[in-house]
Amino acid sequence: MNYKLVIAEALHQQIGDTLPMETIFNLLEKPKTAEHGDVAFPTFTLAKTFRKAPQLIAAELGEVVSSPIIEKIEVVGPYLNFFLAKKAVSTAVLSDVLQEGAHYGDLTIGEGRNVPIDMSSPNIAKPISMGHLRSTVIGNALANIYRKVGYQPIKINHLGDWGTQFGKLIVAYKLWGDADAIAAEPIAELLRLYVKFHSVAEEKPELNDNAREWFKKLEDDEPEAVSLWQWFREESLKEFNHIYDLLDIHFDSFNGEAFYNDKMDEVVNLLEEKDLLKINQNASIVDLEKYNLNPALIKKSDGATLYITRDLAAAIYRKRTYNFAQSLYVVGNEQSNHFKQLKAVLTEMGYEWSDDMHHVPFGLITQGGKKLSTRQGKIVLLEEVLNEAIGLAHQQIEEKNPDLPNKDEVADQVGIGAVIFHDLKNDRLNNFDFVIEEVVRFEGETGPYVQYTRARAMSILRKAGVVDIDAAGEYALDDPYSWEIIKLLQEYPDIVQRAYNKLEPSVIAKHALHLAQAFNRYYANSKVLVEDAEKPARLALVQSVAAVLKEDLRLLGVKAPDQM
Ligand code: ARG
């Protein structure tokens, strides 16, 4: 039940069609303090429509508006302050949650339409960075949120598996490579070869020519080049997949940059047909001055295509293949300019659907306030970070609950969940510092805190022997601690919609934290299991909290262990 909607309807009945329901609904406010009630309605807009003093309108409406969920209305000047009938609202809200379970808060905005989400997208032969981790977990949460509001998300890992660097890798491998070393530790070994190539090429620039030749062979499909490239790609993917398995995040497509190799001519031809290509120092560019952007470099003087050329082909391919309603790119904010150029070129090509493409940028993860970078040899190996988080979770479980039967499984869920939650709890554009001990704490604004709170709710239900509570019961609670929870449960569909509108998983993470905090306050101040008439209502509340916390966590990509 949406009580704002019910109040809007009650007002609409009295006001009549001069003011549409939606306008009334949007005028409703949340009072700053509880003494002004639960919902407030300002009458200034009505005053304009009816040419009557707002105070007078408020006084008149205060006499006639009524609904079973309104306990009383206080008129304060031009405002109507609504006080809700807590018991009626509590029954309605808890029934909704119990009835709908994990589907509570589902919306139908998407109407089943497709939304490709470009996410994760690390580069072959290089370590996955913290930035790729962010893209992976933000992309995954957005996919869950999009599904919840009715879209069909398609998770695409646009691997960086093409480009001149593969010529360099092939040359380096043929000179200094060792197949066993690559099989043992693919990324570290390929990175070592790549770094060595660069340092040797400083003395022997002819290596660069060799690299170009090998990349050309690759582009021309020559078997030796292709099989080496394929092998590098497979070995790298194996290592990436360890991380994706740990995170339990999976993709619908691994079509990376190489996939578009044979689709690039078409892009260049289309640009030519539309007379958009200009030759500048033998390179082909699209001028974007009217967008206040640098020209987009489509083809180098040696004919090689670029990152943006492949993204143009990918965008067109996705529109054709998925006929998308929206197309998202979850990529760090340092690539904002690239995505502006990409959209601008597509707009120039006359593709109106470029308006439906959204770059979803995010901030940096720092350590000790400093940017993490591979170039300075400071590779933060993600798998190590994740394993460390699992280890810390293990320690804490060992202290708190040494008899837990499935400790290993729970430690995985808590350690990984902690890293994911920490990434998602702040506005995605914020930079944040990564201190692993902070991330895996059981107290404070952490994933484990939310998980722990839900496990506590589950343990109450276990103790009470609750199996399934009948959604049709009467669950009339009106104490202030329950009321805080009821309000947070009631607004859940709005929260889901806001997370979708803002492309912001942190809206969900914050809701989870608020709900967990409200529940812990409630728990500290009430005796849930005492045998009295209100006990079924209290258990209904506990079960509803457990369900919605679990759904919050699921949307974020975090597991909810029943015991921890
Ligand atoms: N591989 C790129 C990088 O690591 C990210 C690719 C993002 N997606 C895209 N369609 N451009 O920086």
Side-chain angles (χ1 to χ4, degrees), residues 115-140 142-143 153-166 169 187 190-191 194 229 232-233 236-237 239-241 243-244 249 251-261 263-264 267 293 296-298 305-322 324 326-346 351 353-354 356-365 371-375 379-382 428 503:
V115 176
I117 303 182
D118 186 309
M119 52 183 271
S120 198
S121 311
N123 301 316
I124 295 300
K126 294 203 182 134
I128 290 200
S129 68
M130 286 296 228
H132 295 121
L133 172 72
R134 293 214 72 189
S135 168
T136 310
V137 304
I138 296 171
N140 185 56
L142 289 176
I154 297 140
K155 297 192 269 182
I156 301 178
N157 196 327
H158 186 81
L159 288 175
D161 56 2
W162 204 248
T164 44
Q165 69 271 27
F166 290 96
L169 263 183
I187 305 284
L190 290 169
L191 188 67
Y194 190 67
W229 167 81
F232 298 154
R233 188 181 189 273
S236 303
L237 255 183
E239 210 163 316
F240 297 159
N241 277 329
I243 293 177
Y244 298 140
I249 293 180
F251 299 88
D252 299 301
S253 161
F254 278 93
N255 287 344
E257 295 186 44
F259 178 76
Y260 300 99
N261 189 31
K263 300 172 182 59
M264 233 92 80
V267 173
L293 294 167
L297 181 53
I298 303 293
T305 55
L306 290 107
Y307 184 50
I308 195 166
T309 327
R310 296 188 275 278
D311 258 329
L312 285 166
I316 295 171
Y317 176 85
R318 287 175 196 171
K319 184 64 195 176
R320 280 183 194 152
T321 310
Y322 305 116
F324 58 69
Q326 296 176 35
S327 175
L328 308 186
Y329 294 84
V330 186
V331 186
N333 55 10
E334 69 280 1
Q335 292 194 31
S336 287
N337 197 56
H338 167 76
F339 286 103
K340 282 186 193 148
Q341 288 183 314
L342 179 62
K343 276 180 81 156
V345 174
L346 291 163
Y351 295 131
W353 48 260
S354 63
D356 306 322
M357 288 168 47
H358 305 293
H359 175 213
V360 186
F362 51 81
L364 275 180
I365 301 186
K371 188 180 165 177
L372 301 162
S373 124
T374 10
R375 258 182 234 134
I379 340 166
V380 183
L381 288 176
L382 216 50
R428 61 179 150 72
L503 295 153

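All ligand and atom numbering here is 1-based and tracks the order in the structure. Counting begins at 1 with the first residue of the sequence.
- Under a cutoff of 6.0 Å and an axis angle of 45°, K319 and F324 form a cation-pi pair.
- Aromatic ring centroids of H358 and Y329 lie 6.0 Å or more apart.
- Of the protein's non-hydrogen atoms, Y307 OH, 3.2 Å is the one closest to atom 6 (C) of ligand 1.
- Relative orientation of the Y307 and H338 rings is parallel, given thresholds of 30° and 60° on the angle between their planes.
- Atoms of ligand 1 found under 4.0 Å from any heavy atom of H158, numbered from 1 in the order shown, are 8 (N), 9 (C), 10 (N).
- Heavy atoms of L159 found under 4.0 angstrom from ligand 1: none, in either backbone or side chain.
- The shortest N or O to N or O distance between D118 and ligand 1 is below 3.5 Å.
- Under 4.0 Å from ligand 1, not a single heavy atom of Y260 appears.
- For Y317, the ring-ring contact (aromatic ring centres under 6.0 Å, His included) partners two or more places apart in sequence, or in a different chain, are F259, Y260.
- Here the heavy atom of the protein found nearest to atom 12 (O) of ligand 1 is Q335 NE2, 2.9 Å.
- By the 30° and 60° cut-offs, the orientation of the rings of H359 relative to F339 is parallel.
- Those atoms of ligand 1 with a heavy atom of N123 less than 4.0 angstrom away are 1 (N), 2 (C), 3 (C), 4 (O).
- Nearest protein neighbour of atom 4 (O) of ligand 1, counting heavy atoms only, is H132 NE2, 2.7 Å.
- Considering both main-chain and side-chain atoms, Y329 never comes within under 3.5 Å of ligand 1 through any nitrogen or oxygen pair.
- In this model, no donor atom of one side chain and acceptor atom of the other lie less than 3.5 Å apart for S135 and H132.
- A salt bridge between K155 and D252 is absent, with no side-chain N of the basic residue lying under 4.0 Å from a carboxylate O of the acidic one.
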